[in-house]
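Both ligands and their constituent atoms are indexed starting at 1 by order of listing.
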Amino acid sequence: MTAERTPHVVIIGAGFGGMEAARRLANAPVRITLINRENYHLFQPLLYQVAIAGLVPSQIAYPVRTIFRHQKNFTFQMGEVTAIDFDAKFVRMNGSVLAYDYLVLAIGGETNFYKLSSIEQNAHQLKNVDSAVGTRNHLLAMFERASREPDPDRRRALLTFGIVGGGPTGVETAGALAELIRLVILKDYPQMDLKDVHVLLLESAGHLMESYPDGLRKATYDLLVRKHVEIWVDTRLTGYDGEKMTLADGREIAAHTLIWTAGVRAAELTDRLGLPQGAGGRLVAEDKLQLKGHPEVFLVGDAAYLVDQHGKPLPMLATVAQQEAKAAVDNLQRMLKGQEPKAFHYKDPGLLATIGRNAAVARIAGLSFSGFIAWVIWVVLHIYRLIGFRNRLVVMINWAWDYFFYDSQVRLITKE
Ligand SMILES: Cc1cc2nc3c(=O)[nH]c(=O)nc-3n(C[C@H](O)[C@H](O)[C@H](O)COP(=O)(O)OP(=O)(O)OC[C@H]3O[C@@H](n4cnc5c(N)ncnc54)[C@H](O)[C@@H]3O)c2cc1C
(Lines give C-alpha, C1' and ligand atoms only; values in the text may rest on other atoms or scores of the structure.)
Protein backbone atom coordinates (compact mmCIF):
# COMPACT_ATOMS: atom_id res chain seq x y z
CA MET A 1 0.00 0.00 0.00
CA THR A 2 1.48 3.43 -0.90
CA ALA A 3 1.74 6.23 1.65
CA GLU A 4 -0.89 8.29 -0.25
CA ARG A 5 -3.50 5.53 0.02
CA THR A 6 -2.96 4.90 3.72
CA PRO A 7 -5.89 6.43 5.62
CA HIS A 8 -4.91 9.43 7.73
CA VAL A 9 -6.22 9.49 11.31
CA VAL A 10 -5.98 12.85 13.05
CA ILE A 11 -6.30 12.77 16.83
CA ILE A 12 -6.79 16.07 18.63
CA GLY A 13 -5.70 16.04 22.27
CA ALA A 14 -2.87 14.15 23.98
CA GLY A 15 -4.84 13.52 27.17
CA PHE A 16 -6.03 10.15 28.42
CA GLY A 17 -8.36 9.62 25.44
CA GLY A 18 -6.03 10.77 22.65
CA MET A 19 -3.01 8.86 23.98
CA GLU A 20 -4.99 5.66 24.32
CA ALA A 21 -6.35 6.02 20.77
CA ALA A 22 -2.87 6.62 19.28
CA ARG A 23 -1.37 3.68 21.16
CA ARG A 24 -4.12 1.29 20.13
CA LEU A 25 -3.63 2.19 16.47
CA ALA A 26 0.07 1.25 16.56
CA ASN A 27 -0.39 -1.81 14.33
CA ALA A 28 -3.28 -0.51 12.23
CA PRO A 29 -2.80 0.27 8.52
CA VAL A 30 -3.15 4.02 9.08
CA ARG A 31 -1.02 7.16 9.40
CA ILE A 32 -1.62 8.96 12.69
CA THR A 33 -1.14 12.65 13.43
CA LEU A 34 -1.65 13.57 17.08
CA ILE A 35 -2.13 17.28 17.72
CA ASN A 36 -1.83 18.82 21.18
CA ARG A 37 -1.54 22.32 22.55
CA GLU A 38 1.37 21.30 24.79
CA ASN A 39 4.27 19.02 23.86
CA TYR A 40 3.50 16.70 26.78
CA HIS A 41 0.88 14.36 28.19
CA LEU A 42 -0.24 15.43 31.65
CA PHE A 43 -1.38 13.06 34.40
CA GLN A 44 -4.07 15.36 35.78
CA PRO A 45 -5.07 13.20 38.78
CA LEU A 46 -1.77 14.16 40.45
CA LEU A 47 -1.90 17.89 39.67
CA TYR A 48 -2.91 18.67 43.24
CA GLN A 49 0.40 17.14 44.36
CA VAL A 50 2.22 19.80 42.34
CA ALA A 51 0.04 22.49 43.93
CA ILE A 52 0.85 21.30 47.46
CA ALA A 53 4.60 21.03 46.72
CA GLY A 54 4.63 17.22 46.81
CA LEU A 55 5.77 16.62 43.21
CA VAL A 56 7.37 18.70 40.46
CA PRO A 57 5.69 19.01 37.02
CA SER A 58 8.20 16.78 35.23
CA GLN A 59 7.11 13.90 37.46
CA ILE A 60 3.54 13.98 36.16
CA ALA A 61 4.06 15.24 32.60
CA TYR A 62 5.93 13.43 29.85
CA PRO A 63 6.86 14.53 26.30
CA VAL A 64 4.53 13.02 23.70
CA ARG A 65 7.34 12.53 21.18
CA THR A 66 9.31 10.46 23.70
CA ILE A 67 6.34 8.25 24.52
CA PHE A 68 5.73 7.43 20.82
CA ARG A 69 9.39 7.38 19.78
CA HIS A 70 9.13 3.78 18.54
CA GLN A 71 5.69 3.92 16.90
CA LYS A 72 6.32 3.94 13.13
CA ASN A 73 2.91 5.17 11.95
CA PHE A 74 2.90 8.13 14.35
CA THR A 75 3.55 11.87 13.89
CA PHE A 76 3.13 14.62 16.46
CA GLN A 77 2.26 18.26 15.88
CA MET A 78 2.22 20.74 18.71
CA GLY A 79 -0.39 23.42 18.20
CA GLU A 80 -3.86 24.70 18.91
CA VAL A 81 -6.74 23.58 16.68
CA THR A 82 -8.95 26.60 16.08
CA ALA A 83 -11.54 25.21 13.64
CA ILE A 84 -12.70 21.99 12.00
CA ASP A 85 -14.48 21.66 8.66
CA PHE A 86 -16.44 18.42 9.05
CA ASP A 87 -17.72 18.44 5.43
CA ALA A 88 -14.35 19.09 3.76
CA LYS A 89 -12.61 16.94 6.44
CA PHE A 90 -9.80 19.19 7.60
CA VAL A 91 -8.68 20.82 10.82
CA ARG A 92 -7.19 24.27 11.05
CA MET A 93 -4.14 24.82 13.26
CA ASN A 94 -0.96 26.94 13.46
CA GLY A 95 -2.17 28.97 10.46
CA SER A 96 -2.36 25.89 8.21
CA VAL A 97 -4.83 23.08 7.51
CA LEU A 98 -4.52 19.33 7.92
CA ALA A 99 -6.78 16.93 6.02
CA TYR A 100 -8.06 13.73 7.62
CA ASP A 101 -9.91 10.56 6.68
CA TYR A 102 -10.82 9.82 10.30
CA LEU A 103 -10.87 12.22 13.22
CA VAL A 104 -10.71 11.43 16.94
CA LEU A 105 -11.71 14.48 18.92
CA ALA A 106 -10.33 14.16 22.47
CA ILE A 107 -9.85 17.77 23.57
CA GLY A 108 -10.86 17.25 27.20
CA GLY A 109 -12.27 19.77 29.60
CA GLU A 110 -11.53 22.96 31.48
CA THR A 111 -12.58 24.51 34.79
CA ASN A 112 -16.20 25.63 34.96
CA PHE A 113 -16.68 28.81 36.99
CA TYR A 114 -20.40 28.94 36.12
CA LYS A 115 -20.04 32.59 35.00
CA LEU A 116 -18.98 33.70 38.51
CA SER A 117 -16.51 36.23 37.14
CA SER A 118 -14.98 37.46 40.41
CA ILE A 119 -14.12 33.87 41.30
CA GLU A 120 -12.74 33.16 37.84
CA GLN A 121 -10.48 36.22 38.09
CA ASN A 122 -9.18 35.68 41.62
CA ALA A 123 -9.32 31.98 42.45
CA HIS A 124 -6.67 29.37 41.77
CA GLN A 125 -7.54 26.27 39.78
CA LEU A 126 -5.98 22.89 39.08
CA LYS A 127 -6.18 22.22 35.39
CA ASN A 128 -2.72 22.42 33.87
CA VAL A 129 0.93 22.62 34.87
CA ASP A 130 0.96 26.43 34.94
CA SER A 131 -2.08 26.70 37.20
CA ALA A 132 -0.73 24.07 39.62
CA VAL A 133 2.71 25.72 39.82
CA GLY A 134 0.99 29.11 40.25
CA THR A 135 -1.02 27.66 43.15
CA ARG A 136 2.12 26.21 44.77
CA ASN A 137 3.97 29.53 44.51
CA HIS A 138 1.00 31.35 45.98
CA LEU A 139 0.55 28.93 48.90
CA LEU A 140 4.22 29.07 49.84
CA ALA A 141 4.24 32.87 49.52
CA MET A 142 1.33 33.04 51.98
CA PHE A 143 3.41 31.31 54.68
CA GLU A 144 6.26 33.75 54.03
CA ARG A 145 3.97 36.77 54.25
CA ALA A 146 2.20 35.45 57.35
CA SER A 147 5.54 34.91 59.08
CA ARG A 148 6.24 38.67 59.02
CA GLU A 149 2.66 39.93 59.48
CA PRO A 150 2.22 41.53 62.94
CA ASP A 151 -1.54 42.16 62.65
CA PRO A 152 -3.44 39.06 63.93
CA ASP A 153 -6.47 39.49 61.65
CA ARG A 154 -4.36 39.95 58.55
CA ARG A 155 -2.18 37.00 59.57
CA ARG A 156 -5.24 34.82 60.00
CA ALA A 157 -6.53 35.84 56.56
CA LEU A 158 -3.16 34.96 55.00
CA LEU A 159 -3.38 31.53 56.62
CA THR A 160 -7.00 30.81 55.72
CA PHE A 161 -7.19 28.52 52.70
CA GLY A 162 -10.58 28.08 51.07
CA ILE A 163 -11.11 25.07 48.82
CA VAL A 164 -14.39 25.00 46.99
CA GLY A 165 -15.89 21.72 45.78
CA GLY A 166 -16.40 18.56 47.84
CA GLY A 167 -15.65 16.15 44.98
CA PRO A 168 -12.50 14.03 44.79
CA THR A 169 -10.20 16.89 43.68
CA GLY A 170 -11.36 19.24 46.48
CA VAL A 171 -11.16 16.47 49.07
CA GLU A 172 -7.69 15.36 47.94
CA THR A 173 -6.38 18.93 47.86
CA ALA A 174 -7.82 19.87 51.27
CA GLY A 175 -6.50 16.70 52.95
CA ALA A 176 -3.04 17.06 51.43
CA LEU A 177 -2.77 20.79 52.19
CA ALA A 178 -3.86 20.36 55.82
CA GLU A 179 -1.25 17.65 56.21
CA LEU A 180 1.48 19.63 54.48
CA ILE A 181 0.92 22.47 56.93
CA ARG A 182 0.98 20.29 60.06
CA LEU A 183 3.73 17.88 59.10
CA VAL A 184 6.08 20.03 57.03
CA ILE A 185 5.40 23.78 57.03
CA LEU A 186 5.29 23.96 60.83
CA LYS A 187 8.88 22.73 60.93
CA ASP A 188 9.96 25.54 58.60
CA TYR A 189 7.99 28.17 60.52
CA PRO A 190 8.31 27.18 64.20
CA GLN A 191 6.76 30.51 65.29
CA MET A 192 3.56 29.79 63.33
CA ASP A 193 0.53 29.39 65.59
CA LEU A 194 -1.75 26.60 64.39
CA LYS A 195 -4.72 28.54 65.78
CA ASP A 196 -4.22 31.00 62.89
CA VAL A 197 -4.37 28.28 60.23
CA HIS A 198 -7.66 27.24 58.65
CA VAL A 199 -8.18 24.86 55.76
CA LEU A 200 -11.85 25.25 54.82
CA LEU A 201 -13.58 22.88 52.43
CA LEU A 202 -16.80 24.40 51.07
CA GLU A 203 -19.50 22.33 49.37
CA SER A 204 -22.89 23.61 48.22
CA ALA A 205 -24.60 20.18 48.54
CA GLY A 206 -25.44 18.60 51.88
CA HIS A 207 -22.53 16.13 51.73
CA LEU A 208 -19.11 15.51 50.21
CA MET A 209 -18.33 13.07 47.36
CA GLU A 210 -21.63 13.09 45.46
CA SER A 211 -20.91 9.93 43.43
CA TYR A 212 -19.75 7.84 46.42
CA PRO A 213 -21.90 5.52 48.58
CA ASP A 214 -22.99 6.81 52.01
CA GLY A 215 -20.43 4.78 53.98
CA LEU A 216 -17.52 6.23 52.02
CA ARG A 217 -18.93 9.76 52.24
CA LYS A 218 -18.93 9.41 56.00
CA ALA A 219 -15.43 7.89 55.98
CA THR A 220 -14.22 10.82 53.85
CA TYR A 221 -15.77 13.31 56.25
CA ASP A 222 -14.24 11.65 59.32
CA LEU A 223 -10.78 11.31 57.73
CA LEU A 224 -10.74 14.98 56.74
CA VAL A 225 -11.87 16.13 60.18
CA ARG A 226 -9.10 14.05 61.73
CA LYS A 227 -6.65 15.90 59.49
CA HIS A 228 -8.04 19.21 60.77
CA VAL A 229 -9.91 20.23 57.63
CA GLU A 230 -12.95 22.36 58.49
CA ILE A 231 -15.87 21.16 56.35
CA TRP A 232 -18.73 23.47 55.50
CA VAL A 233 -21.48 21.67 53.60
CA ASP A 234 -24.65 23.43 52.36
CA THR A 235 -22.39 26.43 51.77
CA ARG A 236 -22.39 28.22 48.44
CA LEU A 237 -19.71 30.70 47.42
CA THR A 238 -20.99 33.60 45.32
CA GLY A 239 -17.96 35.86 45.03
CA TYR A 240 -14.26 36.24 45.79
CA ASP A 241 -12.16 39.38 45.48
CA GLY A 242 -8.78 37.81 46.27
CA GLU A 243 -8.98 38.64 49.98
CA LYS A 244 -12.52 37.80 51.00
CA MET A 245 -14.99 35.01 50.20
CA THR A 246 -18.64 35.99 49.97
CA LEU A 247 -21.20 33.27 50.72
CA ALA A 248 -24.78 33.00 49.47
CA ASP A 249 -26.13 33.77 52.98
CA GLY A 250 -24.21 37.08 52.98
CA ARG A 251 -21.37 35.98 55.27
CA GLU A 252 -17.87 37.15 54.40
CA ILE A 253 -14.70 35.24 55.27
CA ALA A 254 -11.27 36.82 54.99
CA ALA A 255 -9.01 34.46 53.02
CA HIS A 256 -6.09 35.22 50.72
CA THR A 257 -6.35 31.83 49.06
CA LEU A 258 -9.20 30.21 47.22
CA ILE A 259 -8.80 27.04 45.18
CA TRP A 260 -11.81 26.35 42.97
CA THR A 261 -12.44 22.68 42.18
CA ALA A 262 -16.23 22.89 41.94
CA GLY A 263 -16.84 22.42 38.24
CA VAL A 264 -15.58 21.10 34.91
CA ARG A 265 -16.87 21.69 31.39
CA ALA A 266 -15.77 20.72 27.90
CA ALA A 267 -12.77 22.51 26.35
CA GLU A 268 -13.47 25.89 24.79
CA LEU A 269 -13.16 24.69 21.17
CA THR A 270 -16.41 22.72 21.58
CA ASP A 271 -18.33 26.03 21.67
CA ARG A 272 -16.99 27.06 18.25
CA LEU A 273 -17.75 23.95 16.20
CA GLY A 274 -21.49 24.53 15.64
CA LEU A 275 -22.29 21.02 16.91
CA PRO A 276 -25.04 19.83 19.30
CA GLN A 277 -23.87 20.14 22.93
CA GLY A 278 -25.05 18.45 26.11
CA ALA A 279 -24.51 19.53 29.72
CA GLY A 280 -21.20 21.33 30.31
CA GLY A 281 -20.84 22.08 26.60
CA ARG A 282 -19.86 18.46 25.84
CA LEU A 283 -20.38 17.35 22.23
CA VAL A 284 -23.21 14.88 21.79
CA ALA A 285 -21.89 11.50 20.64
CA GLU A 286 -23.96 8.66 19.19
CA ASP A 287 -23.86 5.29 20.93
CA LYS A 288 -20.96 4.12 18.73
CA LEU A 289 -19.07 7.27 19.75
CA GLN A 290 -19.51 8.84 16.32
CA LEU A 291 -20.67 12.33 15.46
CA LYS A 292 -24.16 12.31 13.94
CA GLY A 293 -23.95 12.59 10.15
CA HIS A 294 -20.15 12.10 10.25
CA PRO A 295 -19.34 8.44 10.99
CA GLU A 296 -15.64 9.13 10.36
CA VAL A 297 -15.53 11.46 13.39
CA PHE A 298 -15.24 9.94 16.87
CA LEU A 299 -15.88 11.87 20.09
CA VAL A 300 -14.19 10.66 23.27
CA GLY A 301 -13.39 11.73 26.82
CA ASP A 302 -14.38 14.84 28.76
CA ALA A 303 -15.40 16.68 25.57
CA ALA A 304 -17.93 13.96 24.60
CA TYR A 305 -21.47 13.72 25.94
CA LEU A 306 -22.83 10.21 26.14
CA VAL A 307 -25.45 8.80 28.52
CA ASP A 308 -25.41 5.36 30.17
CA GLN A 309 -28.29 2.85 30.13
CA HIS A 310 -30.04 4.85 32.91
CA GLY A 311 -29.88 8.08 30.91
CA LYS A 312 -27.12 9.52 33.16
CA PRO A 313 -24.19 11.30 31.44
CA LEU A 314 -20.92 9.40 31.76
CA PRO A 315 -18.64 11.20 34.24
CA MET A 316 -15.61 13.25 33.20
CA LEU A 317 -13.02 10.70 34.28
CA ALA A 318 -9.78 9.33 32.87
CA THR A 319 -11.22 5.81 32.95
CA VAL A 320 -14.17 6.88 30.78
CA ALA A 321 -11.85 8.64 28.30
CA GLN A 322 -9.62 5.57 27.99
CA GLN A 323 -12.46 3.09 27.53
CA GLU A 324 -14.13 5.35 24.98
CA ALA A 325 -10.87 5.76 23.07
CA LYS A 326 -10.38 2.00 22.90
CA ALA A 327 -13.97 1.48 21.67
CA ALA A 328 -13.69 4.32 19.13
CA VAL A 329 -10.48 2.91 17.70
CA ASP A 330 -11.99 -0.62 17.55
CA ASN A 331 -14.90 0.88 15.59
CA LEU A 332 -12.55 2.80 13.30
CA GLN A 333 -10.70 -0.44 12.52
CA ARG A 334 -14.00 -2.23 11.88
CA MET A 335 -14.89 0.48 9.37
CA LEU A 336 -11.52 0.03 7.65
CA LYS A 337 -12.44 -3.64 7.17
CA GLY A 338 -15.93 -2.78 5.93
CA GLN A 339 -17.56 -4.03 9.15
CA GLU A 340 -20.28 -2.40 11.26
CA PRO A 341 -19.13 -0.40 14.32
CA LYS A 342 -20.44 -1.49 17.74
CA ALA A 343 -22.19 0.44 20.51
CA PHE A 344 -20.05 1.48 23.50
CA HIS A 345 -20.85 0.41 27.07
CA TYR A 346 -18.85 1.82 29.97
CA LYS A 347 -17.58 -0.63 32.58
CA ASP A 348 -17.24 1.18 35.88
CA PRO A 349 -13.92 0.13 37.47
CA GLY A 350 -14.82 1.78 40.80
CA LEU A 351 -14.01 4.92 42.74
CA LEU A 352 -10.84 6.02 44.45
CA ALA A 353 -9.70 9.18 46.23
CA THR A 354 -6.85 9.82 48.63
CA ILE A 355 -7.09 11.91 51.78
CA GLY A 356 -3.62 12.97 52.80
CA ARG A 357 -0.58 10.90 53.45
CA ASN A 358 -1.88 7.50 54.46
CA ALA A 359 -5.65 7.43 54.04
CA ALA A 360 -8.02 7.06 51.11
CA VAL A 361 -11.51 5.88 50.23
CA ALA A 362 -12.15 3.32 47.51
CA ARG A 363 -14.99 1.32 46.02
CA ILE A 364 -13.74 -1.56 43.90
CA ALA A 365 -15.70 -4.61 42.66
CA GLY A 366 -18.63 -3.61 44.88
CA LEU A 367 -16.47 -3.49 48.02
CA SER A 368 -15.77 -0.34 50.02
CA PHE A 369 -12.38 0.34 51.60
CA SER A 370 -11.18 3.28 53.62
CA GLY A 371 -8.05 4.26 55.53
CA PHE A 372 -4.59 2.82 54.96
CA ILE A 373 -5.54 -0.14 52.72
CA ALA A 374 -7.36 2.19 50.32
CA TRP A 375 -4.33 4.50 50.32
CA VAL A 376 -1.99 1.63 49.36
CA ILE A 377 -4.38 0.74 46.48
CA TRP A 378 -4.36 4.39 45.42
CA VAL A 379 -0.54 4.66 45.47
CA VAL A 380 -0.03 1.43 43.50
CA LEU A 381 -2.65 2.35 40.88
CA HIS A 382 -1.39 5.89 40.39
CA ILE A 383 2.23 4.82 40.12
CA TYR A 384 1.22 2.09 37.66
CA ARG A 385 -0.78 4.49 35.51
CA LEU A 386 1.95 7.13 35.31
CA ILE A 387 3.51 7.09 31.88
CA GLY A 388 7.28 6.56 31.57
CA PHE A 389 9.38 4.25 33.72
CA ARG A 390 11.62 7.06 34.96
CA ASN A 391 8.61 9.06 36.13
CA ARG A 392 7.26 6.10 38.08
CA LEU A 393 10.56 5.51 39.83
CA VAL A 394 11.10 9.18 40.69
CA VAL A 395 7.56 9.61 42.01
CA MET A 396 7.89 6.46 44.09
CA ILE A 397 11.17 7.67 45.62
CA ASN A 398 9.59 11.08 46.25
CA TRP A 399 6.58 9.60 48.01
CA ALA A 400 8.69 7.15 50.02
CA TRP A 401 10.84 10.09 51.16
CA ASP A 402 7.79 12.14 52.14
CA TYR A 403 6.26 9.15 53.86
CA PHE A 404 9.22 8.16 56.01
CA PHE A 405 10.66 11.60 56.72
CA TYR A 406 7.44 13.62 56.94
CA ASP A 407 9.06 16.04 54.55
CA SER A 408 8.31 17.47 51.15
CA GLN A 409 11.24 18.18 48.89
CA VAL A 410 9.89 20.76 46.50
CA ARG A 411 8.90 23.74 48.60
CA LEU A 412 10.28 26.25 46.12
CA ILE A 413 8.76 29.59 45.20
CA THR A 414 9.74 30.01 41.56
CA LYS A 415 9.07 32.51 38.79
CA GLU A 416 6.02 31.42 36.77
C1 LIG B 1 -7.17 18.09 39.16
C2 LIG B 1 -7.81 16.92 38.47
C3 LIG B 1 -7.87 15.68 39.11
C4 LIG B 1 -8.45 14.57 38.48
N5 LIG B 1 -8.48 13.36 39.13
C6 LIG B 1 -8.97 12.27 38.49
C7 LIG B 1 -8.93 10.97 39.08
O8 LIG B 1 -8.43 10.81 40.20
N9 LIG B 1 -9.42 9.91 38.38
C10 LIG B 1 -9.96 10.06 37.13
O11 LIG B 1 -10.38 9.06 36.52
N12 LIG B 1 -10.03 11.27 36.55
C13 LIG B 1 -9.55 12.37 37.19
N14 LIG B 1 -9.61 13.60 36.60
C15 LIG B 1 -10.29 13.73 35.30
C16 LIG B 1 -9.39 13.29 34.16
O17 LIG B 1 -8.14 13.94 34.25
C18 LIG B 1 -10.11 13.62 32.86
O19 LIG B 1 -11.35 12.97 32.85
C20 LIG B 1 -9.28 13.16 31.67
O21 LIG B 1 -8.07 13.89 31.63
C22 LIG B 1 -10.06 13.34 30.38
O23 LIG B 1 -9.27 12.88 29.33
P24 LIG B 1 -9.43 13.55 27.90
O25 LIG B 1 -8.52 12.78 27.02
O26 LIG B 1 -10.84 13.66 27.54
O27 LIG B 1 -8.90 15.04 28.08
P28 LIG B 1 -7.58 15.63 28.71
O29 LIG B 1 -6.82 14.61 29.46
O30 LIG B 1 -7.98 16.87 29.40
O31 LIG B 1 -6.71 16.01 27.42
C32 LIG B 1 -7.15 16.92 26.47
C33 LIG B 1 -5.94 17.45 25.71
O34 LIG B 1 -6.41 18.21 24.61
C35 LIG B 1 -5.64 19.39 24.49
N36 LIG B 1 -6.45 20.40 23.81
C37 LIG B 1 -7.61 20.98 24.21
N38 LIG B 1 -8.06 21.83 23.29
C39 LIG B 1 -7.16 21.80 22.27
C40 LIG B 1 -7.08 22.46 21.03
N41 LIG B 1 -8.01 23.35 20.64
N42 LIG B 1 -6.03 22.20 20.23
C43 LIG B 1 -5.06 21.31 20.61
N44 LIG B 1 -5.09 20.65 21.78
C45 LIG B 1 -6.14 20.89 22.61
C46 LIG B 1 -5.33 19.77 25.94
O47 LIG B 1 -4.22 20.62 26.00
C48 LIG B 1 -5.07 18.38 26.54
O49 LIG B 1 -3.73 18.01 26.43
C50 LIG B 1 -9.02 14.72 37.20
C51 LIG B 1 -8.98 15.97 36.56
C52 LIG B 1 -8.37 17.06 37.19
C53 LIG B 1 -8.32 18.38 36.47
- Looking only at protein heavy atoms, what sits closest to atom 42 (N) of ligand 1 is V81 N, 2.9 Å

- D222/K218 ion pair, N-O < 4.0 Å: yes

- Run the numbers for me: atoms of ligand 1, each under 4.0 Å from some heavy atom of T319, listed by number. 11 (O)

- Task: With heavy atoms under 4.0 Å as the rule, classify the contact between E80 and ligand 1 as side chain, backbone, both or neither.
- Result: both

- Message: Checking contacts here: is it the side chain or the backbone of M93 that comes within 4.0 Å of ligand 1, counting heavy atoms only? Could be both or neither.
- Response: neither

- Could you give the distance from CZ (R265) to OG1 (T111), rounded to the nearest 0.5 Å? 11.0 Å

- Item | Polar atom proximity, G17 to ligand 1 (N or O, under 3.5 Å) | yes

- Task: For the residue pair I253 and L247, establish whether any side-chain heavy-atom pair is separated by less than 4.5 Å.
- Result: yes

- Just jot down the ligand 1 atoms closer than 4.0 angstrom to any heavy atom of G15, in number order. 25 (O), 28 (P), 29 (O), 31 (O), 33 (C)

- Residue pair Q277 / D271, side-chain donor-acceptor N/O under 3.5 Å: yes

- Measure the distances from the heavy atoms of P168 to every atom of ligand 1 and state whether one is below 4.0 angstrom. no

- Using a strict 4.0 Å cut-off to heavy atoms of G301, name the atoms of ligand 1 that fall inside it. 26 (O)

- Query: Would H256 and T160 count as having a side-chain donor-acceptor pair, cut-off 3.5 Å?
  - Reply: no

- Query: How far is atom 37 (C) of ligand 1 from its nearest protein heavy atom, and which residue and atom is that?
  - Reply: I107 O, 3.1 Å

- SB check K292 E286 (cutoff 4.0 Å): no

- Message: Need the ligand 1 atom indices (1-based, order shown) with element for anything under 4.0 Å from a heavy-atom of D302.
- Response: 18 (C), 19 (O), 20 (C), 22 (C), 26 (O)

- Query: Quick one: does ligand 1 sit under 4.0 Å from the side chain of T169, the backbone, both or neither, non-hydrogen atoms only?
  - Reply: side chain

- Task: Please determine if D330 and R334 form a salt bridge, counting it only when a charged side-chain N lies under 4.0 Å from a carboxylate O.
- Result: no

- Note on the structure: Numbered in order shown, the ligand 1 atoms found under 4.0 Å of a heavy atom of G79 are 42 (N), 43 (C)

- Could you see which bit of L269 sits under 4.0 Å from ligand 1, with heavy atoms only: side chain, backbone, both or neither? side chain

- Message: For the 3.5 Å polar cut-off, considering only N or O atoms, please tell me whether Y40 and ligand 1 meet it.
- Response: no

- Item | Shortest protein contact, atom 21 (O) of ligand 1 (heavy atom only) | F16 CD1, 3.2 Å

- Message: To check your reading of the model: name the closest protein heavy atom to atom 35 (C) of ligand 1, its residue, and the distance in Å.
- Response: N36 OD1, 3.1 Å

- Task: For the residue pair F16 and F43, categorise the inter-ring angle as parallel (less than 30°), tilted (30 to 60°) or perpendicular (more than 60°).
- Result: perpendicular

- Message: Check for me whether the distance between the ring centres of F68 and F74 falls short of 6.0 Å.
- Response: yes

- Task: For the pair R37 and E80, find out whether any cationic side-chain nitrogen is under 4.0 Å from an anionic carboxylate oxygen.
- Result: yes

- Report yes if E38 has an N/O atom closer than 3.5 Å to an N/O atom of ligand 1; otherwise report no. yes

- Item | Numbered atoms and elements of ligand 1 in range of M316, under 4.0 angstrom, heavy atoms | 15 (C), 19 (O)

- Query: With a cut-off of under 6.0 Å to the ring centre and 45° to the axis, is R251 in cation-pi contact with W232?
  - Reply: yes

- Of R385, R272, Q44, the one whose closest heavy atom lies nearest atom 51 (C) of ligand 1 is Q44

- Query: Heavy-atom distance under 4.5 Å between the side chains of I12 and L103, does that happen here?
  - Reply: yes

- Between A318 and ligand 1, which residue portion shows a heavy-atom distance shorter than 4.0 Å: side chain, backbone, both, or neither? both

